[in-house]
Structures are given as C-alpha cells and as structure tokens.
Protein chains: 2
Amino acid sequence: MKPTLTAELVAAVAERFRALGEPARLRIVRELMGGELSVGALVDRTGLGQANVSKHLQVLHRFRFVTRRKDGPYVHYRLAGDDVFKLCDIMCGRLDDSASPS
Amino acid sequence: MKPTLTAELVAAVAERFRALGEPARLRIVRELMGGELSVGALVDRTGLGQANVSKHLQVLHRFRFVTRRKDGPYVHYRLAGDDVFKLCDIMCGRLDDSASPS
DNA sequence: CTATTATATTCCTGACGAGTAATATGGCAA
DNA sequence: TTGCCATATTACTCGTCAGGAATATAATAG
C-alpha cells in the first residue's frame, strides 16, 4: 500500500500541483476549457502579457497539461486530457466547505 | 457553462493547489494516509523540524485538508476526507505520461 | 505555585518564481 | 533578400514562502 514513494516522486507530484497553483495559469486553463486557442488569443482573453502567457504555457506543456499544434506562425494550445477538469472540479468543490478559511 | 469565475475564486483554487504543491506537505499527507497522527509522530516520521511540521499542518488545516483533535497536550491530525486521495491519485497517474518532462 | 512536555508562533534569511522589457527565433509575404 | 507578425527566450526586479532558531502558549505532573 505504500510503494516506497521516493523523495523524487513526491517532488514530482508537488511540482505538478504547483503548476496548477498559479492564478494566471488557471485562467489560461479556464480559457482552454472552451477549446484550443493560440497564444495571441490567450493574451487577448486573459489580459496577461505575451511573454508571461508564453512562459506559463511552457510550464503547462512541460507537465503535459496542454498540447501544442503549430499552424504557420501560430501555435495553438489545448488541454491534454480531462485530468485538469477532474482536478479543478475537486478543488472547486472544496471552495464550498467553509468558503473563508481563517 | 462559464459561471463567471471571479478572480477571487481563481485565486482561491490556486491557493489550494499550492497547499498541495510542497514536498514537505505531501510527505505529511502521505503519512496521514495511514491514519491520524500527532505532531510529534509526524516530526519523527518525516524528519522535518517541529516548527516546520506545525506550520505545514496549519496550512493544510486552513484549507480543510486535515482535521484536528486535541488530546491533552497532544494534537492529532487526520485527513479530512478523500479529496486528497483523489487529487493525489490523479497527479500520480500523470507521472507515467513522460516521466521526465524536459 | 514550578517544571516539563507538546504544540504554536515569531523573526530572520535564502531561494524560487511571477511579471515585464528587451531581444531572439521562426514563418510568411513581397 | 527585407520586412512584418507570432511566439519564445533572456535578463532583471520584486514578492512570497520554506526552513530553522528562539520564544510563546497550553496542558499536565508534582
């Protein structure tokens, strides 16, 4: 039941939680829930800076939360699966339990 | 479908992901998966400092990932529900997909 | 009461990471 | 080729947070 989860694996899991632990990245993820979008479209919709969006997308892509599709000079990103939906659903559900933690 | 998720709610969700985004806190959570433990027991099992463990437990408790039970001078913590299990299961499952992201 | 143990809190330092501006890279048009 | 547009990367500043030492609080024993 405790398959000797090494420190490296724990760190890897923590890294992935932190990847979803930034409001800017969650806003990007949220926009992508409506379907694939280019970097520029994400910049427009989120109001974040272009360099900022690009870097956040690299983080999300490194951990396979999003996939890339190149289309000429454009790069379209989309959610890589439904894991993000499941994770966000659980977290959002937790907001009900005592909405304002002391 | 997009119930105007405010910036505050996005920030609240991000905060909760970050609460699970620290290796030390994940190690504590992992120990608690075997059942309720006191602070001192967690200090022994994790090798973390006492102040450190106590502070991490406050974070986990603030977001209701763990509950407290006082027993004389001892304080026993336990996982507050199965959300943590579900979240960690999903995240651990993601480790398989390309174990070493560039 | 004092002493001891368990836990919590405060203060401080160091490191990581978000944000921005500037620059680099890549693709396409003329 | 040159020029322009979309995206990526670099360099930098600044805020936040983990960690540890010291201290504070709480509960129990004597």
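A note on names: the letters A, B, ... follow the listed sequences, proteins ahead of strands, and every chain is numbered from 1.
- A close approach under 4.0 Å does occur between a side-chain nitrogen or oxygen of Arg68(B) and OP1 or OP2 of dA8(C).
- Taken to the nearest 0.5 Å, the CD atom of Glu22(B) stands 12.5 Å off from the CZ atom of Arg27(B).
- Between dG19(D) and His56(B), a contact under 4.0 Å exists linking OP1 or OP2 to a side-chain N or O.
- Contact between the side-chain N/O atoms of Asn52(A) and the OP1/OP2 oxygens of dG19(C) is found at a separation under 4.0 Å.
- Of the side-chain N and O atoms in Tyr77(B), one or more sit less than 4.0 angstrom from OP1 or OP2 of dA8(C).
- Leu57(B) contributes atom CG, which lies 6.0 Å from atom CG of Leu42(B) (distance to the nearest 0.5 angstrom).
- Residue Arg18(B) places no side-chain N or O under 4.0 Å from the OP1 or OP2 atom of dG17(C).
- Smallest separation of non-hydrogen atoms from Arg18(B) and Arg25(B): O-NH2, 3.4 Å.
- Between the side chain of Lys55(B) and the base of dG20(D) there is at least one donor-acceptor pair of N/O atoms closer than 3.5 Å.
- Across all strands, Gln50(B) comes closer than 4.0 Å to base atoms (heavy-atom distances).
- Atom CZ of Arg78(A) has 12 or fewer heavy atoms from other residues, nucleotides or ligands within 6.0 Å.
- Not a single donor-acceptor pair, N or O on each side, falls under 3.5 Å between the base of dT7(C) and the side chain of Lys70(B).
- Ranking dA22(D), dC28(C), dA18(D) by closeness to the Pro73(A) side chain, first place goes to dC28(C).
- When each of His76(B) and Val59(A) is assigned the nucleotide of DNA chain C bearing its nearest heavy atom, the one mapping closer to the 5' terminus is His76(B).
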